[in-house]
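Okay, structure first, notes after.
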Number of protein chains: 2
Amino acid sequence: MNDTINDTRERILDAAERLFMAHGYEGTSMRLLTTEAAVNLAAVNYHFGSKEGLLQAVFRRRLVWLNGERLRLLNEMEAKANGAPLRPSQIVEAFFGTLLTMGEREELGGMTFLRLIGRTLTEPADFIRAFLASEYSEVVDRYKAALYRALPEVTREEIAWRFQFMLGAMSYAIAGTDALRIVGGPELASDTAHPTAHELKVRLMPFLLGGLRAPLPEMDGKASPH
Amino acid sequence: MNDTINDTRERILDAAERLFMAHGYEGTSMRLLTTEAAVNLAAVNYHFGSKEGLLQAVFRRRLVWLNGERLRLLNEMEAKANGAPLRPSQIVEAFFGTLLTMGEREELGGMTFLRLIGRTLTEPADFIRAFLASEYSEVVDRYKAALYRALPEVTREEIAWRFQFMLGAMSYAIAGTDALRIVGGPELASDTAHPTAHELKVRLMPFLLGGLRAPLPEMDGKASPH
DNA sequence: GTCTATATTCAGATAGAC
DNA sequence: GTCTATCTGAATATAGAC
């Protein structure tokens with residue numbers, strides 16, 4: 001058997017994952033990419049049709065596992081709970097912990113893919129946001145539904161907001177491990193500039209749960225009081 | 001007096017703020033920008049030297065007020081406290097509340113600038129991250145120091161991490177108001193797709209404080225226990 | 001300060017030989 | 001499937017007339 005095809009495809013996907021992570025989608029040229037992957041310039045278009053097609057392939061390669069695993073875990077927990085609501089910590093752990101676990105497993109992309117996800121969620125290009133939204137829609141719907149049941153005293157609107165906040169905290173936590181260095185300072189230097197996925201998880205989870213279960217805001221309408 | 005100069009400069013800055021917000025830095029061309037601003041293509045280079053110079057001017061116009069106000073509030077609170085540590089909620093309110101307040105004031109850029117900040121913190125271009133880090137360094141150092149005193153039982157490292165998480169949650173909360181729509185769904189539709197700065201603030205603050213004051217993780221070293 | 005015209009570079013994509 | 005050579009368009013930046 002000839003695996004030259006897969007070799008080339010995989011080399012392109014690996015290089016794209018790394019370069020999109022480091023320089024963003026618009027900041028990565030096909031010329032640099034094909035040079036780094038040691039393949040011909042025309043190979044990307046042959047295998048993936050276009051640069052857009054390449055980006056989608058980069059993500060699909062990982063998201064199939066990630067979101068499949070998230071759904072599998074949720075199904076399993078719900079089967080075990082036998083109709084009872086899940087605990088919020090279980091749900092958060094399954095959703096975010098599964099992602100962070102990928103950072104420890106090189107065959108699933110490791111920290112490179114983690115950082116790529118963290119960064120790409122804020123890419124401005126319309127097609128990227130539309131693509132990710134569609135890839136995520138099923139799993140997000142299922143997890144939101146689980147949170148509704150787990151936190152019946154919290155409005156659905158508030159849960160949706162807090163889901164968004166959790167995604168943001170996670171995304172920055174990851175991206176900030178080597179990109180954004182605004183907080184910076186000696187506390188996050190050397191050692192922790194490249195924390196392991198395990199350390200990230202240990203630090204992030206309490207924060208997310210603390211936020212998710214925080215006291216509800218007193219809503220007084222949207223306009224400020226005269 | 002002739003204010004043609006300022007007119008042109010301001011029109012360019014306004015258009016840049018809006019377009020960098022909507023399409024990102026790399027995704028915004030000077031041709032589109034000068035067309036929208038109704039100025040000549042060469043005007044940007046004349047007034048700002050380069051596209052990089054323009055981005056820095058766009059931010060400086062707003063950050064002077066923002067970070068000045070943050071420092072002023074912190075000084076004021078510390079003077080009043082008379083040597084006693086501040087409460088965490090005061091600190092968080094001053095840092096994040098000041099930013100969110102800008103969203104209500106059109107003369108400070110309104111929601112457009114808020115969304116721009118949310119998005120730009122994750123721009124991959126090196127010069128942007130370096131520029132923002134240097135613009136933020138003083139105010140972040142001062143606020144971290146205030147948090148150290150306010151939360152003496154929490155390690156400095158943990159506080160730095162949680163500062164980063166809070167920045168992320170805030171950033172997504174803002175960017176997600178019109179960009180990233182991963183959580184989406186009917187709960188965040190229509191009404192809340194463009195929440196007021198006030199609503200954003202009311203929802204975000206409890207989450208940030210809940211995360212900041214969450215129970216500390218049990219650290220068991222960085223390697224996972226075989 | 002503002003404009004036109006253009007220099008220069010680089011992007012993504014593809015035709016067609018092998 | 002892979003390669004070279006090239007098309008086509010768009011980007012930032014600037015020279016120089018007004």
Side-chain angles (χ1 to χ4, degrees), chain A residues 1-59 61 120 123-131, chain B residues 1-59 61 120 123-131:
Chain A
M1 299 241 288
N2 183 345
D3 59 355
T4 307
I5 304 171
N6 289 330
D7 247 35
T8 297
R9 280 185 60 100
E10 292 294 312
R11 279 218 305 282
I12 292 172
L13 289 173
D14 288 343
E17 190 165 69
R18 190 162 41 79
L19 291 172
F20 288 160
M21 177 273 282
H23 308 120
Y25 176 75
E26 306 239 32
T28 301
S29 77
M30 305 301 274
R31 280 173 169 79
L32 173 62
L33 195 151
T34 50
T35 302
E36 297 262 318
V39 301
N40 187 271
L41 172 61
V44 171
N45 267 276
Y46 177 79
H47 286 286
F48 302 100
S50 65
K51 192 181 177 183
E52 281 196 23
L54 172 59
L55 179 108
Q56 298 186 358
V58 166
F59 275 90
R61 178 168 72 147
T120 308
E123 282 277 0
D126 284 339
F127 91 92
I128 296 180
R129 292 206 310 276
F131 167 70
Chain B
M1 300 235 290
N2 184 345
D3 59 356
T4 307
I5 304 170
N6 289 331
D7 247 36
T8 297
R9 279 184 61 100
E10 291 294 310
R11 279 217 305 282
I12 292 173
L13 289 172
D14 288 343
E17 190 166 70
R18 190 163 41 80
L19 291 172
F20 288 160
M21 178 272 284
H23 308 119
Y25 176 76
E26 305 240 32
T28 300
S29 77
M30 304 302 272
R31 279 175 170 77
L32 174 61
L33 196 151
T34 50
T35 302
E36 297 261 319
V39 301
N40 186 271
L41 171 62
V44 171
N45 267 275
Y46 177 78
H47 286 286
F48 302 100
S50 66
K51 191 181 177 182
E52 282 196 22
L54 172 59
L55 180 109
Q56 298 186 358
V58 166
F59 275 91
R61 179 168 72 148
T120 308
E123 282 278 358
D126 284 339
F127 90 92
I128 297 180
R129 292 206 310 275
F131 167 70

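So you know, we letter chains A, B, ... as the sequences are listed, proteins then strands, and number each from 1. For the numbers below, each heavy atom of this structure counts, side chains included, while hydrogens, waters and symmetry mates do not.
Sorted by first and then second residue, the salt bridge (Lys or Arg N to Asp or Glu O under 4.0 Å) pairs with a member in residues 39-49 of chain B form an empty list; sequence neighbours excluded.
Atom pair B:N45:CG and C:dT4:P shows a separation of 16 Å (rounding to whole Å applied). The distance from atom CZ of A:F48 to atom P of D:dT2 is 11 Å, rounded to the nearest whole Å. Regarding A:L32, its CG atom lies at a distance of 14 Å from the C1' atom of C:dG12, rounded to whole Å. Rounded to an integer number of Å, the gap from A:Y46 OH to C:dC18 P is 19 Å. In this structure, A:I12 atom CD1 and C:dG12 atom P are separated by 14 Å, rounded to whole Å.
Residues passing the ring pair (Phe, Tyr, Trp, His ring centres under 6.0 Å) test with B:Y25 are B:F20, B:F127, sequence neighbours excluded. Residues forming a side-chain contact (heavy atoms from CB on, under 4.5 Å) with B:A22 (at least two apart in sequence, or on another chain): none. Residues passing the salt bridge (charged side-chain N to carboxylate O under 4.0 Å, His left out) test with B:E36 are B:R18, sequence neighbours excluded. Considering only residues two or more places apart in sequence or on other chains, B:D126 meets the side chain to side chain donor-acceptor pair (under 3.5 Å) condition with B:R129. In this view, A:N45 satisfies the side-chain contact (heavy atoms from CB on, under 4.5 Å) rule with no residue, not counting sequence neighbours. Scanning for side chain to side chain donor-acceptor pair (under 3.5 Å) contacts around A:E26 gives an empty result, with sequence neighbours left out.
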Could you pull out the protein-nucleic contacts involving nucleotides 5-10 of chain D (nitrogen or oxygen on both sides, under 3.5 Å)?
none

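Counting only heavy atoms from C-beta outward, the side chains of A:N40 and A:Y46 never approach each other to under 4.5 Å.
Using a 4.0 Å heavy-atom distance criterion, B:T34 is classed as making no nucleic acid contact.
Within residues 52-59 of chain A, no residue has any heavy atom closer than 4.0 Å to DNA chain C.
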